[in-house]
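Okay, so here's the structure we're looking at.
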Amino acid sequence: MSNDQISETVKSGIKKSLLAVGRQPFVRRVSRLMGVAGRPAGTNLGMADVPLRGTVAVYFGDAADKIYQIEQWIPVLEELHEKEEVLLVFRTISAFKAASKITVLPKIFVRRLTDLMDVYDDNDLKLVIYVNNSRSNFQSLDHPRLVHVHVNHGESDKLSMVSNKAKAYDQVFVAGPAAIKRHEAMLIDFDVEKLVVTGRPQLDIKFKRELVPSEKLDVMYAPTWEGENEDNNYTSLDLYGENIVDALLANDSIRLIYKPHPRVEASKTPSVAKAHASIMEKILEANASGSDHVISEQGNILAMFESIDALVTDISSVGLDYLYLHPSKPIIITDRRTNRENLYRDAPIAKACLVVDKQNVGSVRELLVAALANDPHMSDRQAMRKFYFGELLRGESTNEFQRVISDLINERQSKLENFRGWHS
């Protein structure tokens, strides 16, 4: 038997084995390498010349575990859709499927970069919105004709709110004066003219209340997650979380609303996961004894704020959103680093709140009583709201957001007379 005949015999045997085993991922890869199979099921065959309606694309390159970043923009985008048709563009099928459960806005899943460029070039899309700084955003930024606008998915004093990637976008929408100062302080050689104040249009939405009314004081504990690294770790869960919850549960006049960041539920950080589980157990035990405290791991926190009488939270967008909507209500901020000087520098809102840190965590119960009974920082928070959000009142941010989007589209269209085009 010749070498060629031996090779064909071996190859034939492997083919039969593959077919017998089935089409698991590893098998599919080997099959393609051997030429046994053609295109596997689900292969993206190309998006060229597919007509899609839309003026504004909203790009999301991450998986479903980060869908909350676009979810809070959905009501705003649905309103924008009435004026400028919106198309949601996803690069992962998991995010595409997750979005299908929360909105009826037109959406598309585009796997390959070449197809993404075709989608942009073959249709009448004029502007792209980005709600985070995903690495895949830079693929979308390759297209030169469109206006690329970064809006982020919140307004907070976290280190992650300012990124050198801001230099890549045509415009960066920010909430107010504090965000401008944040970019000026953190970025070198950054053109601050890229920053456009549009307020917080997400907070203009009138949500249906999620909380059943209570005769008690509703106090929310809303810790953030631990971030990707220690510099971006602002959570209080592992350090103070159980102390805070114990103090709230011990007060018979309070109904606790426990609303952790959406990513806490699946945290793989042992100390955070342990604290979260312990808090859940404490609340369930209290409820089993007749209390009516609330656990909301994935609920809409903005829909809860109207019912909340006071907030305990970390450095995150939660405290600022509550400040925007209810500057007259008490806010308690946590500081996991117990460095008041740096806290005031990096998170000015803390100057208008009582602060929980390592030095006073044993007196959380007294801090809560002081915040609820005396609220020594009420007037300070009124001034702090202007620092973070300027003079925009509730309802005005949406109008400003839509106006700026329209102006950017019109301005870009006026510059395209001699634009060569992607395919030309």
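Side-chain contact between M220 and F305: present, with at least one pair of heavy atoms (C-beta onward) separated by less than 4.5 Å. Annotation: side chain of S397 is not in contact with side chain of F389 (no heavy-atom distance under 4.5 Å).
In this structure, R337 satisfies the cation-pi test against Y234, with its NZ or CZ atom closer than 6.0 Å to the six-membered ring centre and inside 45 degrees of the ring normal.
Contacts of E228 classified as side-chain contact (heavy atoms from CB on, under 4.5 Å), with partners at least two apart in sequence or in another chain: K66, W225, R263.
Defined by atom type and a distance below 3.5 Å, a donor-acceptor pair is missing between the side-chain atoms of Y68 and N300. A donor atom on one side chain and an acceptor atom on the other are found under 3.5 Å apart for D62 and N132. Donor-acceptor pairing under 3.5 Å is recorded for the side chains of S140 and Y130. Side-chain polar atoms of T269 and E226 form a donor-acceptor pair below 3.5 angstrom. Between the side chains of T398 and D204, at least one donor N or O lies within less than 3.5 Å of an accepting N or O. Side-chain contact annotation: T198 with E400, donor-acceptor N/O pair under 3.5 Å absent. If you check the side chains of E396 and N399, you find no donor sitting under 3.5 Å from an acceptor. No donor-acceptor contact under 3.5 angstrom links the side chains of Y59 and S134, judged on distance only.
Aromatic ring pairs are classed by plane angle as parallel below 30°, tilted from 30° to 60° and perpendicular above 60°; the pair F109 and F96 is tilted.
For the pair P327 and R385, the tightest heavy-atom approach, listed with the atom from each and the gap, is CG-CD, 4.0 Å.
A salt bridge does not link R336 with D314: every distance from a Lys NZ or Arg NE/NH1/NH2 to an Asp or Glu carboxylate oxygen is 4.0 Å or more. Remark: R394 engages E306 in a salt bridge, criterion side-chain N to carboxylate O under 4.0 Å. A salt bridge between R53 and E85 is present, with a side-chain N of the basic residue lying under 4.0 Å from a carboxylate O of the acidic one. A salt bridge links K126 with D124: at least one charged nitrogen is closer than 4.0 Å to a carboxylate oxygen. By the 4.0 Å N-to-carboxylate-O rule, R365 lies too far from D246 to be salt-bridged with it.
With a 6.0 Å radius and a threshold of 12 heavy atoms from other residues, nucleotides or ligands, E215 has its CD atom at or below the threshold.
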What side-chain donor-acceptor pairs closer than 3.5 Å can you find for residues 355-363, not counting sequence neighbours?
from, atom 1, to, atom 2, distance (Å)
D357, OD1, Q359, N, 3.0
D357, OD1, N360, N, 3.3
D357, OD2, R340, NH2, 2.9
N360, OD1, D357, N, 2.8
N360, ND2, V355, O, 2.8

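The salt bridge (Lys or Arg N to Asp or Glu O under 4.0 Å) test with D157 is passed by exactly one of R345, K181, R182: R182.
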